[in-house]
Participant: 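Can you read through this structure? Questions will come right after.
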Amino acid sequence: MEVLKNKKTLQDFIERQKEMGKRIGFAPTMGALHNGHLSLYEAASKENDLVISSIFVNPTQFNNAEDLEKYPRDINRDILILKNSGFVDAVYIPEVADIYPEKAESSHYDFDGLENEMEGKSRPGHFDGVGTVVEELFRQVQPDNAYFGEKDFQQLAIIKKMVEKKKIPVKITGVPIFRAENGLALSSRNQRLHEERREASKIIYETLEKVNKWFNEFSVTEIKERIQDIFDQQKGMQLEYFLIANEETLQETDFFYKDKNYRAFIVVVVDGVRLIDNMHLD
Ligand code: PAF
């Protein structure tokens with residue numbers, strides 16, 4: 001596996017691969033790799049000649065300095081995971097100046113309103129930061145296909161929208177949420193939780209499963225009341241939001257219409273760690 005530590009080495013590498021007509025699959029990450037990332041690489045390896053990942057903790061998508069500072073970083077461990085995975089041919093680990101040559105600042109994006117829902121309300125400027133870094137990485141890596149986890153469902157929708165609006169020639173694929181045995185969605189942030197809190201956090205997934213059952217029985221208001229009751233009884237957990245949204249527009253719904261697809265979205269803060277999850281409702 002090639003370890004490409006700056007833009008110049010990446011460019012030389014990409015040029016060689018393009019000359020050979022290789023089809024490139026790309027999965028950008030912020031490191032602290034886990035099995036969820038491996039599922040992106042596995043999907044990419046099935047559909048491409050070559051898989052590239054990137055590791056870059058993007059400062060512009062953090063709206064909280066403490067969250068940026070506490071974001072887990074262990075580059076040597078990550079490189080080892082990538083090598084051992086057998087799915088990845090090259091990893092790009094840029095310096096901040098490779099992505100932001102002048103100032104680490106976001107561009108402003110219009111994602112047709114997707115950016116104003118859920119995480120957009122809770123984390124102002126977050127999606128401008130994500131759009132900026134992903135657009136730049138796409139420009140540098142020039143992938144044919146790119147892979148993103150459905151855990152960050154809103155991010156996935158926003159990247160699809162960006163590619164469509166800016167006519168960037170890359171196909172975006174969403175990869176289903178990878179869960180621990182107890183159901184907790186894998187996330188780099190889980191590393192910040194003690195073992196027993198990770199175990200207790202399975203309630204987030206269990207709750208979403210309940211919502212999927214209640215979906216045909218109860219109104220949105222009743223479901224929301226039940227969810228609030230569940231989390232009111234959990235020590236050290238705060239329900240930041242729970243809502244059910246139209247899967248395409250990501251707008252919150254108060255009623256269910258037969259011909260629309262819905263997804264439940266939840267954010268719970270466990271011992272100061274913000275955990276997000278979602279589930280398609282059948
Ligand atoms: O999902 C992530 O890890 C990040 O938001 C991404 C897409 C790598 C952009 O920094």
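Every value quoted in this text rests on a predicted model; they were computed, and no experiment measured them. One-based numbering, in listed order, for ligands and for the atoms of each.
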Participant: Looking at Glu135 and Arg139, does any basic side-chain N land under 4.0 Å from a carboxylate oxygen?
Facilitator: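 A salt bridge is absent here (no side-chain N lies under 4.0 Å from a carboxylate O).
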
Participant: Verify the ring-centre separation between Tyr262 and Phe256: is it less than 6.0 angstrom?
Facilitator: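 Yes.
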
Participant: Consider only side-chain heavy atoms of I, L, V, M, F, W and Y, link residues closer than 4.5 Å, and tell whether Val88 and Phe178 are in one cluster.
Facilitator: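 As far as the 4.5 Å side-chain criterion goes, Phe178 and Val88 are not connected within one cluster.
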
Participant: Report yes if some heavy atom in the side chain of Ile177 is under 4.5 Å from a heavy atom in the side chain of Phe153; otherwise report no.
Facilitator: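 Side chain of Ile177 against side chain of Phe153, heavy atoms only: no contact under 4.5 Å found.
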
Participant: So what's ligand 1 close to, N/O to N/O, under 3.5 Å?
Facilitator:
from: ligand 1; atom 1: 1 (O); to: Gln155; atom 2: NE2; distance (Å): 2.8
from: ligand 1; atom 1: 5 (O); to: Gln61; atom 2: NE2; distance (Å): 2.9
from: ligand 1; atom 1: 5 (O); to: Gln155; atom 2: OE1; distance (Å): 2.7
from: ligand 1; atom 1: 10 (O); to: Gln61; atom 2: OE1; distance (Å): 2.6

Participant: How close do Asn182 and Lys202 get, heavy atom to heavy atom, and via which atoms?
Facilitator: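 For Asn182 versus Lys202, the nearest heavy atoms are O-CB, 3.3 Å.
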
Participant: Take Tyr71 and Phe62, measure what ring-ring contact (aromatic ring centres under 6.0 Å, His included) needs, and give me the verdict at the end.
Facilitator: CA-CA 10 Å; Tyr71 201 84; Phe62 288 83; 5.6 Å; yes

